[in-house]
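One structure is given here, and the rest of the page talks about it.
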Amino acid sequence: MTSPESARPPLSPDRFSTEAEILAAASLLKAGDLVAFPTETVYGLGADAENPEALEKLYALKGRPRNHPVIVHLASLGQIADWAVEIPEAAWTLGKAFWPGPMTLVLKRSARAIDAVTGGQNTVGLRIPAHPVALRLLETFGGGVAAPSANRFGRLSPTTAAHVRADFGSELATVLDGGESQVGVESTIIDLSGDEIRILRPGMLGREAVEAVLRRPVMLPQGYTDNAVRAPGTLASHYAPLSPVELVSSDSFESYLARLGREAVVGVLARRARPQNLAGSALWVHAAADPVTYAQALYTNLRYLDSQHPDRILVEAVPAEEAWLAIRDRLQRASVRD
Ligand code: TXA
Ligand code: MG
């Protein structure tokens, strides 16, 4: 069986969009059009954050509820003062330490952050992404770019330009190319708008690194403890591929496979090699043993397995350590069905 690892082209800046293409995309944003662009986490679907009609197009194309807030992407740290008020010292400390990078800060919004961006909340999510194509686009555009992940609502986030085109086809004219997203899962969202500092969405920037810089405790998302994730039933199905995803514990993985019927057609994402004597027919993707590499390929691997239309996708559960928290979160969401 081919794995997407072998089919994947190497990361090469040759494939990156050119300066001229980035300038043209910035002009389209100014004119109220939508532009998909690469970031180091996942690809974003961008709109001028100060243009309500552009935001309306964005929500319509994504098929996303109007009351979901979107993250405003900026080119430089000083710009957060345009979008937020009562900015705490922690925001500057974290911004200096981790931006550009896979971190989103939730702050009290300024009047510039309109309801169409904040979902009517009194806070706004801000991020400076670390991808050179994104930064060039944001610098040229000059203002804030509202960008959710560039996938249809409820589907997997895209980590290549091809993933974006697969979701939107001709409905989206401009997709800037920046190769494969190097982080692979969405940014860590940190809420700085309240008395305590809380991670709202785990990402590959982990709590320990944030605490080390702030020298104060940071809470995990409500319902998460160090070694557990929320009960699957409480998580919205948000990143689901089409074939049902089943999370199987490492301990029972082998016996689970042994019980598969001969007629079973399954996709497997596991940190172990394919056993010799597998009964059913399995597409086996051998995932990385370390969380950083695992995360980079996660959505490509799930999209690949899903594209083969197996009866179901079996995923070997990942370790309980906090370094795997963002991955556990995304796998849980992928495995929950409405
Ligand atoms: O890595 C990322 O963050 C990517 C890239 C494109 O930057 N973007 C992304 O956007 O994942 P999206 O829309 O798929 O997810 C944004 C998340 C949502 O869960 C939303 O609820 C949360 O950010 N969010 C945005 N603004 C917020 C706010 N003011 N308060 C709480 N959560 C907020
Ligand atoms: Mg998303």
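Counting starts at 1 for both ligands and their atoms, in listed order.
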task = May I ask you to check if Arg271 and Trp324 form a cation-pi contact, with NZ or CZ under 6.0 angstrom from the six-membered ring centre and within 45° of the axis?
result = yes

query = Among Lys108, Arg201, His73, Met204, whose heavy atom sits nearest atom 15 (O) of ligand 1?
reply = Arg201

inquiry  = Under 4.0 Å, counting heavy atoms only: does Thr118 come that close to any atom of ligand 1?
reply    = no

inquiry  = So is His68 touching ligand 1 or not, going by heavy atoms under 4.0 Å?
reply    = no

Subset of ligand 1 atoms that lie under 4.0 Å from at least one heavy atom of Ile189 = 17 (C), 22 (C), 23 (O)

Ser157 N/O/S atom closer than 2.8 Å to the Mg ion (ligand 2) = no

N/O separation below 3.5 Å, Glu186 to ligand 1 = no

request  = Number the atoms of ligand 1 from 1 as they appear, then name those within less than 4.0 Å of a heavy atom of Leu200, with their elements.
outcome  = 31 (C)

ask   = Looking only at N/O atoms, are Thr39 and ligand 1 under 3.5 Å apart anywhere?
value = no

key: Atom CD of Glu208: over 12 foreign heavy atoms under 6.0 Å   = no

task = Verify, without hydrogens or angle tests, whether Glu21 (side chain) and Thr18 (backbone) share a donor-acceptor contact under 3.5 angstrom.
result = yes

request  = Please work out whether any backbone atom (N, CA, C, O) or any side-chain heavy atom from C-beta onward of Glu40 is under 4.0 Å from ligand 1, and answer side chain, backbone, both or neither.
outcome  = neither

note = Looking at Pro38, Pro69, Pro148, Pro158, the heavy atom closest to atom 20 (C) of ligand 1 belongs to Pro69

request  = Could you tell me which atoms of ligand 1, counted from 1 in the order shown, lie closer than 4.0 angstrom to a heavy atom of Thr123?
outcome  = 28 (C), 29 (N), 30 (N)

message = Main chain of Val218, side chain of Arg207: is a donor-acceptor contact present, judged purely on distance under 3.5 Å?
response = yes

message = Is there a polar contact between ligand 1 and Lys62, counting only N or O atoms under 3.5 Å apart?
response = no

key: Glu50/Arg112 ion pair, N-O < 4.0 Å   = yes

